[in-house]
Amino acid sequence: MLQQRCTPVQDTVLDAHLLDSFSNPLFFFKRCPSHIEQQNLTSVSEFFLTGLSDDPEQQPLLFGLFLSMYLVTVLGNLLIILAVSCDPHLHTPMYFFLSNLSLADIGFTSTTIPKMIVGIQTQSRAISYVGCLTQMSFLILFGCMDGMLLTAMAYDRFVAICHPLHYSVIMNPRLCGLLVLLSFFVSLLDSQLHNLTVLQLTCFKDMEISNFFCDPSQLLNLACSDTFTNNIVMYFVGAISGFLPISGIFFSYYKIVSSILRVPSAGGKYKAFSTCGSHLSVVCLFYGTAIGVYLGSALLSSPRKDMRASVVYAVVTPMLNPFIYSLRNRDIKSALRRFLRRTG
């Protein structure tokens, strides 16, 4: 099989420690000259994440900031899950989907922030090849599940507003469970297809990923071989996992708005819109930042801007979701007060 030749990185001056490291063939990563020859390639051992800043003085600030954001995210989403599970008044389809969304948000942030925090503390930005693929798989899994659950919540609001008399019949526990399982299996399929695409890459131009986590688009950009087919597959899968949920959300809200506009009283319109306010805010925040990241990486080659958008998408959005739902929803606020009183 013809593959692009890859030579190890060479330096003019190597100390004894580096010579010992270079004696291990797994240490070598691959560079790609223009000519091609037949050869066997050794496995890539690790990648390097650039992180958010190279300034040593900013590292304690970043450590404290992201540790605080991670703790707030986990605590806020755990409170939502506990409030929904402990309060019988919240045993409804909408809050069932919300508790699963909170669980997905905890998994989403736990795949990236702890690794970044440990890297800042240990001053190490290396991540193993297997660790990079694992992180990428879980990131796509939980990220796609977020989008699928938001679509299920939009459908729930559509049934509640457009078919209120049949709501309890349509949104029965069996359908709700099937929607969550479908969200999980579609997300798992999307994750594994991305993983298989990256596994086809055997040679890389560089081992430095311009982000604080293993981004699949970044890995494809670092590949030596022609990744046109891989890009087509990945963007097709991304379009399916992104376009279908967005289409479902748009269709649901088109029907919701059409139904609400037919309500004669202003108070009735406000009450109907208020039931969708929290969900619509989360949808705009989640998809707005996600689309910004992917469009930015496709149209503009600015790693720093992509990284800032990734922080909003992967860190800030999961942290704000519990606040959006708790501040805009009286049922959640009442359930949290009752839960805190019981635990206090």
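All values below were derived from every heavy atom in this structure, side-chain atoms included, with hydrogens, water molecules and symmetry-related copies excluded. Nothing fancy with the numbering, it's 1 onward along the sequence.
Among L75, L71, V72, the one residue that satisfies the side chain to side chain contact (heavy atoms under 4.5 Å, CB included) test with M319 is V72.
The side chain to side chain donor-acceptor pair (under 3.5 Å) search around S137 returns N195, not counting sequence neighbours. Judged as a side chain to side chain donor-acceptor pair (under 3.5 Å), and not counting sequence neighbours, the contacts of N321 are D105. In terms of the side chain to side chain donor-acceptor pair (under 3.5 Å) criterion, residue partners of H89 (sequence neighbours excluded) are, by chain and number, D87. Partners of Y253 according to the side chain to side chain donor-acceptor pair (under 3.5 Å) rule, which considers only residues two or more places apart in sequence or in another chain, are H279. Remark: C144 engages no residue in a disulfide bond (SG atoms under 2.5 Å apart) (not counting sequence neighbours).
Between the side chain of S191 and the backbone N or O of S187, no donor-acceptor pair lies under 3.5 Å.
Annotation: the span from M116 atom CE to Y70 atom OH amounts to 11.5 Å, rounded to 0.5 Å. The line from CG of L188 to CD1 of I140 is 11.5 Å long, rounded to the nearest 0.5 Å. Taken from CG in L133 to CZ in F138, the straight-line distance is 12.0 Å, to the nearest 0.5 Å. Atom CD1 of I117 sits about 10.0 Å away from atom CE of M69, to the nearest 0.5 Å. Between F213 atom CZ and T111 atom OG1 the span is 8.5 Å, to the nearest 0.5 Å. In this structure, the separation between CD1 on I113 and OG1 on T73 is 5.5 Å, given to the nearest 0.5 Å.
The ring-ring contact (aromatic ring centres under 6.0 Å, His included) contacts involving residues 96-117 comprise F108-Y313, where partners must be two or more places apart or lie in separate chains. Within the structure, no pair that satisfies the disulfide bond (SG atoms under 2.5 Å apart) test touches residues 60-93, not counting sequence neighbours. Judged as a side-chain hydrogen bond (donor to acceptor under 3.5 Å, both in side chains), the pairs with a partner in residues 161-186 (not counting sequence neighbours) are, in order, D156-Y167. Residue pairs meeting the salt bridge (Lys or Arg N to Asp or Glu O under 4.0 Å) criterion with at least one partner in residues 122-142, sequence neighbours excluded, are D54-R125. Pairs engaging residues 127-148 under the salt bridge (Lys or Arg N to Asp or Glu O under 4.0 Å) rule: none recorded [sequence neighbours left out]. The list of side-chain hydrogen bond (donor to acceptor under 3.5 Å, both in side chains) pairs with a residue in residues 90-102, not counting sequence neighbours, reads N77-S102, Y95-N329, Y95-D331.
Other members of the cluster containing L182 are M148, V186, with ILVMFWY side chains joined at under 4.5 Å, either directly or via other members.
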If you apply the rule side-chain contact (heavy atoms from CB on, under 4.5 Å), what do you find for V315 with F212, and how did you get there?
CA-CA 11 Å; V315 182; F212 62 93; 4.3 Å; yes
Between L244 and T151, does a side-chain contact (heavy atoms from CB on, under 4.5 Å) hold up when you go through it step by step?
CA-CA 9 Å; L244 290 180; T151 307; over 6 Å; no
Given the rule in the side-chain contact (heavy atoms from CB on, under 4.5 Å) test, do T134 and S128 qualify, once you have shown the distances and angles that lead to the verdict?
CA-CA 10 Å; T134 303; S128 67; over 6 Å; no
